[in-house]
Structure formats: C-alpha cells, structure tokens
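Here the structure is laid out as structure tokens; the discussion comes afterwards.
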Amino acid sequence: MTSTRSLPRPSVAKPRPAMRTRSLLASRLPVWSMMILGLIGLAVFFLYPLLANLYFSFTNYDLAGAPHWTGLRNYVYLFTQDSRVGKAALNTLWFVVILVPVRMVFSLGIGLLLSRRKTARGFWRTVFYLPALVPPVASVVGFVFLFNPGTGPINAVLRHLGITGPLWFNDPALSKPSLLLLGLWMAGDVMVIFLAALLDVPKDQYEACELDGANGWQRLRFVTLPNIRPVLLFSAVTGVIAALQYFTEAAVASMIANGKTGIDAGTDQLLGYPDDSLLTYTQWMYVQGFNSFQLGYASTMAVVLFLIAAAVMAVLLRRAGLFTKAQG
Amino acid sequence: MRATKPATAIPAVALVAALILTGCGIGADEPVARTAPRELTGTIQLWHHYTDREAAVIQSVVRDFERLHPGLHVNVHSGQQDTKITQVVSSGGDVDVMLTNVNSTLGTLCKTMADLAPYMARDHVRAADFQGTFASATAFDDRRCSLPTTSDVYGLYYNKRLLGRAGYHDPPKTLDELGRMALKLTTYNPDGSIRTLGFDPLIGFGQNTSGTVSATSGARWMRGTEATTAASRQWHEILAWQRDLVKKIGYRKLKAFTAGLGDEWSANNPFQTGRIAMALDGEWRVAFVDEQAPHLDYGTAPFPVLAGSGQPYGGGYVSAADIGMSKQSGHKEAAWALVKFLTTNTGAAVKLANGLKNIPTLRRAADSPELEAGPQYRMFIEASKHPGANTSPITEIGATLVATMNDFWTTYQENGGNLDEGLRAVDTDINNALSLRRQK
C-alpha cells in the first residue's frame with residue numbers, strides 16, 4: 001500500500017478571464033476550422049434527416065401535401081393495426097437470429113480449416129472468397145434458377161435419385177432457408193476477416209496449451225476464441241446491422257421466383273413472395289413510404305427500427321465489453 | 001434576458017428547417033380566363049413514366065403539339081415513376097403536366113392537380129367524350145383533377161389449337177365453364193406433375209390479382225368510404241370458385257409448375273410457348289405475341305364472368321393512365337392546351353394508342369378507322385366500351401387496397417380457412433389504412 005502526500009502548489013498568477021478566453025479560442029481555432037466542414041456535413045446529412053424523420057413520424061405526410069401533426073397515431077397504427085408489419089418484423093428477426101450466427105459459424109469453420117492448411121492455402125482462400133465478389137443481385141438470380149423446382153438442376157438431380165425436390169424459393173417454409181444457403185455461399189467476406197485473425201493468434205499460446213494437455217476443443221475455447229473476440233464481435237455487429245436492413249436479396253428472390261422481373265409489375269405485389277415469407281421490415285417500410293404514399297408512417301417505422309438497432313447494439317457491446325477489454 | 005441553450009436550440013432550428021423545407025403547401029385553384037388565349041408561348045414541363053420505345057411515342061405526339069403551337073416548347077421528362085413525380089410536385093419542382101397511373105396514384109396526387117372543370121366548361125370538353133369507367137375514375141373526391149389518356153384492358157387469351165384438340169371451339173363465358181375446360185385441358189407427366197395447364201388460377205401468377213379476377217364477378221370493394229368486401233356475396237363466391245379450382249388441380253403441383261415457367265415478359269411467356277392454354281392478360285400481350293410468337297394460333301375474348309353474380313359478360317377489368325396539370329404551374333393555359341391535346345385530339349389519341357399498343361379512352365378515337373386493330377386487339381376495344389368494364393376504387397391508399405386483398409387471397413388459396421373471417425380482416429386492414437391516411 002502506498003501513501004500519497006499533497007505537495008504545496010506553486011503560486012501562479014491567474015490569467016485574467018478575457019485573456020484566458022482569447023488564448024483558449026486561439027488554441028482551438030485550428031481544430032474547429034478543420035472540423036467545420038465535417039460538422040456541417042454531419043448536420044446536413046445526418047442530424048437534419050434524423051430530426052426531420054423523427055418529426056415526420058408524428059405526422060400524416062403523403063409526399064403530395066404538407067405534413068399534419070397527428071401525435072402518436074402512427075405509432076398506435078404500427079403496434080396495434082398494421083397486420084403485415086408483424087410478419088415483416090418476424091422475417092427480419094429470423095435473418096438476425098439465424099442468418100448472422102450461422103454465417104459466422106460457417107465462416108469460422110472454413111477459416112479454421114484454411115488456417116491449418118499447409119499447401120494451396122491461397123487457392124482455397126480464393127475459391128471461398130470468390131462468391132463474395134459476385135454482385136448480390138446476380139447471385140440471387142443464379143441461385144433462384146439453380147433451385148427452380150420445375151427446371152433447376154438441383155431438383156433435376158434429386159428427381160434422378162428418386163426424391164421429390166422441394167419448392168425452395170417458392171415455398172414459404174423454405175424461402176428463408178434457401179436465402180440462408182445463398183448467404184453461406186457468399187460468406188467469403190466474413191471468412192477472410194476471420195482467417196486473418198486466426199493467423200494472428202500467437203503460436204506459443206497453442207504450444208503452452210498442448211503442454212498442459214488441452215484437446216482441440218479446449219484450444220479453440222481457451223485460446224482461439226478469446227484471441228479473435230474483437231473480430232467476432234465486429235462481425236456480429238456489422239452482420240446484425242446488415243440483417244436489420246436486409247432488402248435486396250429477398251426482394252430479387254421474390255421477383256425472380258414469382259416469374260416477374262419488374263416491368264409493369266407493382267412492387268407491393270412482388271415483395272414478400274411467396275406468401276410474405278420474404279417480406280422484411282425495410283421492404284414493408286419502403287412499400288408504405290413509396291407505394292402507399294404513407295411517408296409519415298414509414299418514418300415511424302424507421303424510428304422504431306433505429307431504436308431497435310441502437311438497443312441491440314448497446315446490448316451486444318455491453319455484454320461483450322467490446323474494445324475496452326480487448327484493448328486492456 | 002436568458003440566452004437559449006445550444007442543446008435546445010439545435011433541435012428547434014432543425015425542426016423549423018424541416019417544416020420550412022417540407023411544408024410547402026399546395027395552393028388553391030386559381031380563376032380561369034373567360035376565353036382561351038389565341039397564342040401560347042413559353043416552355044412547359046411534361047413528366048411521365050414511359051421509357052424507351054414508348055417514350056419515343058410520347059415524344060412524337062408532343063412534337064405534333066409543338067407544331068400546332070410554334071411559340072410553345074415542351075420539355076419532356078420521361079421514365080419518371082409516379083413516386084418521383086409526386087416528390088417533385090410536392091417540393092415545388094418544375095412540373096406543369098404530369099402523366100401518372102390512376103389506380104395507384106391519383107388518390108394521392110389529385111390534390112396537387114388543378115381543377116380541370118372550369119377549363120373543360122370553357123373549351124367545351126365533356127367527361128362524356130370518354131368511356132364511362134375512365135371518365136369517372138379520373139376524378140377524385142368530387143374534383144375533376146385529370147383526364148384519361150390510354151388504358152389497359154384485361155381479357156382472356158386462348159390457344160385455339162389446344163382448345164380444338166380438347167374438342168372446344170369457343171372460349172368459356174362463365175367461370176364454371178372456365179374451370180371445367182381448364183381441368184380437361186390440363187395434362188400430366190407420368191410422375192404426376194403438370195405438363196400443360198388449362199388455366200393457372202393462382203393469385204400472383206401473371207396478371208391474376210384480386211383486382212383483375214374479382215372484376216369478373218362485380219364484387220364490391222367499398223360502400224361509401226369504407227371497405228365492405230365481407231358483405232359482398234360475390235367476393236365469397238369468387239374466392240370459393242378460385243380455391244376450388246386450385247384444390248382440384250393441386251396447389252403444390254400448380255406451384256411447382258408455375259415456378260418452372262418462363263418470365264412473363266420474355267419470349268418464354270407460358271401462353272406464348274403453349275404451356276398454358278388460357279390466360280388472363282392485358283391487351284399489350286397482342287403486341288408481344290406478334291413480336292415473340294407470330295405463329296401462335298390464338299384468340300381473345302372477354303374474361304368469363306361468375307354466373308348469377310349480376311356481372312354482364314363482355315367487359316372486364318380496366319385501368320388507365322391519367323394526365324393532369326399541377327396547381328403550381330406558372331403556365332396553366334399552355335399546360336391545359338397540352339392536356340387537352342393529349343386527351344381529346346382524336347389524331348393524337350389514335351397515335352398514342354397505335355404506338356403504345358394500349359386502348360384509347362376517347363370514344364372518337366376508339367371508333368376511328370385509323371386505329372390499327374387486328375381481331376384479337378379489337379376485342380379489347382369493344383370490352384373497354386362495354387358497360388361491364390370496371391376498375392378497383394381510387395382511394396388515398398392507392399395500390400394498398402388491392403395488395404391487402406392479394407395478401408389474404410394468396411394465403412387462402414393455399415390453406416383455405418374461414419372466408420368470412422378473412423374478408424372481415426381484409427376490411428379492417430383497408431379501413432385502418434384509410435383512416436391513417438384520412439386523419440387530420
């Protein structure tokens with residue numbers, strides 16, 4: 001235990017307030033001048049839209065006329081009267097709870113396998129990363145054709161084996177798992193980050209573990225995972241945010257599986273196919289805002305999504321102690 | 001005097017800015033001059049959703065208009081969807097004349113459009129110059145805010161060779177006949193899957209929507225300002241008929257077959273390739289067949305009706321493009337001249353119909369010998385004139401009305417269930433959405 005002793009402070013003449021303010025301003029001027037453009041951008045492109053969106057969420061606003069203040073009416077509609085928003089929210093939740101963890105586990109597994117390979121590591125890394133370079137729309141189109149129940153090669157092979165293939169993207173029960181398969185095929189972006197982290201794990205920790213008699217699972221549990229925890233958490237955070245905003249893949253799958261590529265086809269009739277199983281929260285928000293012209297209500301949905309995303313992030317970061325522990 | 005704290009000032013300023021930037025109100029209608037000006041000058045802006053070949057047709061008709069008014073120039077903004085046009089109008093953008101979709105947009109956009117009634121009265125343009133359904137559908141909330149240009153008319157396409165092979169020489173006139181013929185015309189592979197289909201009854205397939213299919217039964221969507229589908233006998237009967245046909249063919253078989261069909265808008269369209277013997281489709285399919293399957297032996301007919309529903313055979317579902325002028329236009333007389341030309345000039349209406357391969361809504365144009373119409377296309381012109389032609393109601397919620405019923409119907413066609421309860425839920429959802437939009 002140490003004791004501290006307070007030393008007498010040297011007497012320094014206090015600067016006069018005006019002088020102090022001037023010197024403070026002079027010292028901060030360069031900082032503010034460098035930050036001002038960024039701050040203006042932040043105010044115009046983030047703060048203003050955020051506040052405008054919050055304001056619209058309390059109004060009846062249809063784009064064509066001025067918004068009318070209606071208090072909590074949109075919120076009441078969202079939580080008690082909109083019969084499709086619940087389905088859309090549950091679909092989005094499915095992608096958050098299933099797609100994100102499964103993609104992470106799959107990517108980690110591939111990363112672990114690749115990190116242990118001594119030969120042709122570059123080749124396999126390229127093979128697994130390549131699908132992530134394909135534009136999402138092209139990937140979905142390809143997948144829907146592959147899994148087409150009538151003409152797709154997957155069901156043709158199954159038929160050859162005497163198995164009646166499922167309807168895949170045309171079956172409400174299988175449309176989301178079909179997109180999960182697509183998500184796994186495109187998991188190269190996550191895999192490559194995990195692989196980099198796995199290759200950075202200190203070898204001596206594994207050696208020490210082996211000397212202590214640890215098996216493979218224990219090495220993973222007590223060495224690998226703690227070392228790559230910041231990367232895992234980064235992947236979880238970005239994955240959850242992306243899943244909450246999941247739109248393109250589900251929308252394209254609905255359109256292609258429904259045999260309509262958009263010409264003269266109402267978006268509201270295509271999104272969600274089959275049977276609303278691929279209708280995500282952001283899709284429904286889009287339909288409300290730009291098909292039904294209920295921009296006030298769509299703003300309400302955006303506010304609720306923002307709050308949910310913020311809450312999920314807060315919980316994730318708090319529970320994992322992100323960055324702080326890792327840095328410590 | 002207390003200084004305002006920055007913490008409260010920033011949101012307040014942002015809120016005021018939001019109000020200023022978004023609250024540009026739509027003004028009232030202005031009085032109209034007693035006589036139309038003799039000469040028009042200046043530049044006006046026309047916004048529409050057509051692209052590529054169709055945009056060229058619009059441009060060509062606009063050029064004809066400019067020849068009539070040498071002092072006037074029209075800037076054409078093509079490929080602008082209704083949402084975009086609405087945004088531009090609401091933000092005070094430079095829009096004089098706008099061409100949009102009646103069913104999905106007019107209920108929202110009408111209040112931004114000038115009242116055409118005084119101009120029509122002054123220049124002797126009558127709503128009765130247009131086919132009845134379109135004349136009434138292009139006014140909203142007792143305001144004549146737009147006039148119809150061209151329309152889409154739906155009917156039955158049938159493959160004469162396939163029908164003949166099954167012993168049929170005429171298309172069905174009732175839904176019961178359609179169902180019987182569809183079952184007879186459907187053939188199966190040895191594994192039980194569908195090889196060729198008589199008629200695909202699934203809602204969501206092709207142009208099968210609750211709007212187009214229900215039009216065959218005269219099913220009523222609204223009573224006054226409220227949705228009342230559950231109270232309509234026709235809604236119960238049309239849904240039951242469709243579900244029965246789906247069950248007889250097999251929902252799963254239909255889904256597998258439908259999923260394996262080509263894209264509706266490509267040369268692989270299943271009616272064009274002969275995989276489906278009869279289909280509900282719009283008049284534009286005639287042009288697609290001419291281009292993509294010129295050897296197809298087919299006929300067109302009004303879509304069959306539900307027997308005993310009171311719906312007369314011969315009409316069917318229709319929808320139209322409408323044209324109106326912005327209340328905020330600074331060139332109202334020139335804008336009205338363009339609206340009048342595009343909607344009431346017989347030559348322009350015929351040129352638009354011939355070019356766009358749509359049906360003219362102007363009675364004189366529909367009867368014009370200049371209209372290029374083969375026998376298949378002619379049927380749609382006749383259907384558009386028929387008193388049985390109808391469309392879904394124009395409301396503030398636009399496409400949400402039909403989409404809500406589609407949503408229920410796609411579930412019902414698979415699982416069945418309590419129809420009355422389902423329709424009541426549809427009514428509740430529509431009325432809730434309407435109430436949200438109508439709140440003051």
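Note that this is a predicted model, so its numbers are computed, not measured.
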Under 4.5 Å from a heavy atom of chain A, the part of [X] involved:
| X | value |
| --- | --- |
| B:Asp407 | side chain |
| B:Ala433 | both |
| B:Thr51 | neither |
| B:Ser104 | backbone |
| B:Asn101 | neither |
| B:Ser193 | neither |
| B:Leu261 | neither |
| B:Tyr412 | neither |
| B:Gln81 | neither |

Which one, A:Pro149, A:Ser83, A:Pro49, A:Pro166, leads in non-hydrogen pairs under 4.5 Å with chain B?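 If we count pairs closer than 4.5 Å to chain B, A:Ser83 comes out on top.
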For the interface with chain B, which of A:Asp276, A:Thr59, A:Val76 has the highest count of heavy-atom pairs at distances below 4.5 Å?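 Between A:Asp276, A:Thr59, A:Val76, the count favours A:Asp276.
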Can you confirm whether more than 12 heavy atoms, excluding those of [X], are under 6.0 Å from its [atom1] atom?
| X | atom1 | result |
| --- | --- | --- |
| A:Arg28 | CZ | no |
| B:Lys84 | NZ | no |
| B:Arg143 | CZ | yes |
| A:Phe145 | CZ | no |

B:Arg252-A:Thr164 side chain donor-acceptor pair, cut-off 3.5 Å: no
Could you verify whether a donor N or O on one side chain and an acceptor N or O on the other, from B:Thr108 and A:Asp62, lie under 3.5 Å apart?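 Distance-only check fails for B:Thr108 and A:Asp62.
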Give the C-alpha distance, both sets of side-chain angles, the deciding distance and a yes or no for side chain to side chain contact (heavy atoms under 4.5 Å, CB included) between A:Gln294 and B:Arg437. CA-CA 7 Å; A:Gln294 309 209 88; B:Arg437 277 299 297 277; 3.0 Å; yes
Cationic N near anionic O, under 4.0 Å, B:Lys255 to A:Asp275: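 Result for this pair is no, no salt bridge flagged.
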Segment of [X] engaging chain B (4.5 angstrom heavy-atom cut-off):
| X | answer |
| --- | --- |
| A:Asn170 | both |
| A:Phe290 | both |
| A:Pro172 | side chain |

In this structure, which one of B:Thr400, B:Leu109, B:Thr83, B:Ile397 forms a side chain to side chain contact (heavy atoms under 4.5 Å, CB included) with A:Phe293?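 Single side chain to side chain contact (heavy atoms under 4.5 Å, CB included) partner of A:Phe293 among B:Thr400, B:Leu109, B:Thr83, B:Ile397: B:Thr83.
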Which of residues 151-159 of chain A get closer than 4.5 angstrom to chain B, counting heavy atoms alone?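 Counting heavy atoms that sit under 4.5 Å from chain B, the residues of residues 151-159 of chain A involved are A:Thr151, A:Arg159.
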Any idea which of B:Thr410, B:Asp191, B:Asn432, B:Thr404 has the most non-hydrogen atom pairs under 4.5 angstrom with chain A?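 Among B:Thr410, B:Asp191, B:Asn432, B:Thr404, the one with the most close pairs to chain A is B:Asn432.
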With chain A as the partner, which of B:Cys110, B:Gly204, B:Gly107 has the greatest number of non-hydrogen pairs under 4.5 Å?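 Ranked by contacts with chain A, first place is B:Gly204.
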Value rounded to 0.5 Å, distance of OG1 in A:Thr70 from CG in B:Leu436: 7.5 Å
Could you measure the distance from the OG1 atom of B:Thr105 to the CG atom of A:Leu63? Nearest 0.5 Å is fine. 11.0 Å
Listing, residues 297-308 of chain A side-chain donor-acceptor contacts under 3.5 Å, not counting sequence neighbours, or none:
residue: A:Tyr297; atom: OH; partner: A:Asp82; partner atom: OD2; Å: 2.6
residue: A:Ser299; atom: OG; partner: A:Leu295; partner atom: O; Å: 2.8
residue: A:Thr300; atom: OG1; partner: A:Ser57; partner atom: O; Å: 2.9
residue: A:Thr300; atom: OG1; partner: A:Asn74; partner atom: ND2; Å: 3.4
residue: A:Thr300; atom: OG1; partner: A:Gly296; partner atom: O; Å: 3.1

Considering all heavy atoms of both residues, which atom of B:Ser435 and which atom of A:Arg73 are nearest to each other, and what is their separation? OG-NH2, 2.8 Å
